[in-house]
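In listed order, ligands and their atoms are each counted from 1. For this chain, numbers begin at 1 and follow the sequence in order. Only this structure's heavy atoms are used, side chains among them; waters, hydrogens and symmetry mates stay out.
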Amino acid sequence: TPAHKDYELARSQLELGEIIGEGQFGDVHRGICTVGGQKIQVAVKTCKPGSDMAVTEVFLEEAYVMQQFDHAHIIKLIGVCTDSPVCIVMELAKLGELRAYLNNNRGNLDLASLLLYIYQLSTALSYLESKNFVHRDIAARNVLVASPTCVKLGDFGLSRWINDQSYYKASRGKLPIKWMAPESINYRRFTTASDVWMFGVCMWEILTRGDKPFQNVRNAEVLNRLENGERLPLPSSCPPQLYSIMCRCWAAQPDSRPSFTVLKEALREILSEEKSQEQE
Ligand code: ATP
């Protein structure tokens, strides 16, 4: 499609390396891409050879979404190969998925690091908010780790899915119910305010160092609990002011939730307080 024109890469610019993940369309490889005479490390998402045109279009849609953004905490698109096997080339997050990273480093991640990740994500989301872009799938599984002091939002796959429910259900089965705002579960209403709710859940995942929200609750039961006023519990070692911010993200009324711009400022303050306390 014309939208991808400037981003087209020649196959010869790409060297594929080991597989580092599995996407819903195919494997994700580590790789090296030569651009302007420079070799850079990249992640390459592939679309299974033999996928039909419609599937390829949906696959490339994510690249189209990513190319609109330029932010330090959002994975950048480097380019696409539109001849088969079709692939999307993007900036590599060397340390992989945040959830696994949190689980594997439980012992040596202090509160200041967790707060830094949360703050960085809030800057990315406040950027998306300023562009009126609704993400719809904010969760730790969609955050990647570039370095011990830098995380990036890395998946723009869901934004397109909701528009085509039949396709969505057929290919993926379920929505991320445990992350979703009540109005999203009830009426499929997705707004910046529902993104804020999801970010609250993502904060909780980070502060628990990678626990799963509502682990022993069935999807069908989650909405009942939320409507009864139940919320995810205070993570151990989470400062109360931070938990109170999370709870504001989980206000039943979408209008009562803070904007990402407001969240970003509040988180910046909590982060700098934590840093200064650490130095004492
Ligand atoms: P889903 O919609 O189920 O999340 P997807 O097709 O969008 O799947 P991703 O989740 O984006 O695929 O990618 C699959 C995995 O590949 C990720 O979980 C991660 O481990 C790895 N991966 C993807 N992009 C990158 C990247 N830029 N840097 C490092 N690893 C990546």
Nearest heavy-atom approach of K264 to S126 is NZ-OG, 3.6 Å

Side-chain ion pair, R257 and E183, N-O less than 4.0 Å: yes

Sub-4.0 Å atoms of ligand 1 with respect to non-hydrogen atoms of [X]:
| X | result |
| --- | --- |
| G21 | 15 (C), 16 (O) |
| E97 | 17 (C), 18 (O), 19 (C), 20 (O) |
| I20 | 20 (O), 29 (C), 30 (N) |
| A43 | 25 (C), 26 (C), 27 (N), 28 (N) |

Counting only heavy atoms closer than 4.0 Å, does ligand 1 sit against the backbone of E91, its side chain, both, or neither? backbone

Contact region, A93 to ligand 1, non-hydrogen atoms below 4.0 Å, reads both

Heavy atoms only: which of [options] lies closest to [atom]?
| atom | options | value |
| --- | --- | --- |
| atom 6 (O) of ligand 1 | K76, Q24, H29 | Q24 |
| atom 13 (O) of ligand 1 | V28, I19, I75 | V28 |
| atom 31 (C) of ligand 1 | L144, V145, L98 | L144 |

Rounded at 0.5 Å granularity, tell me how far CG in L125 sits from CZ in F260. 4.5 Å

Close approach, K45 and ligand 1, non-hydrogen under 4.0 angstrom: yes

Which residue in the set H71, H73, E91 passes side chain to side chain donor-acceptor pair (under 3.5 Å) when paired with K152? E91

I need the single residue from D137, L128, I75 that forms a side-chain contact (heavy atoms from CB on, under 4.5 Å) with L153. Which is it? L128

Classify the side-chain pair E221/N216 by whether it contains a donor and acceptor separated by less than 3.5 Å. no

Take the angle between the ring planes of F69 and Y127 and call it parallel below 30°, perpendicular above 60°, tilted in between. perpendicular

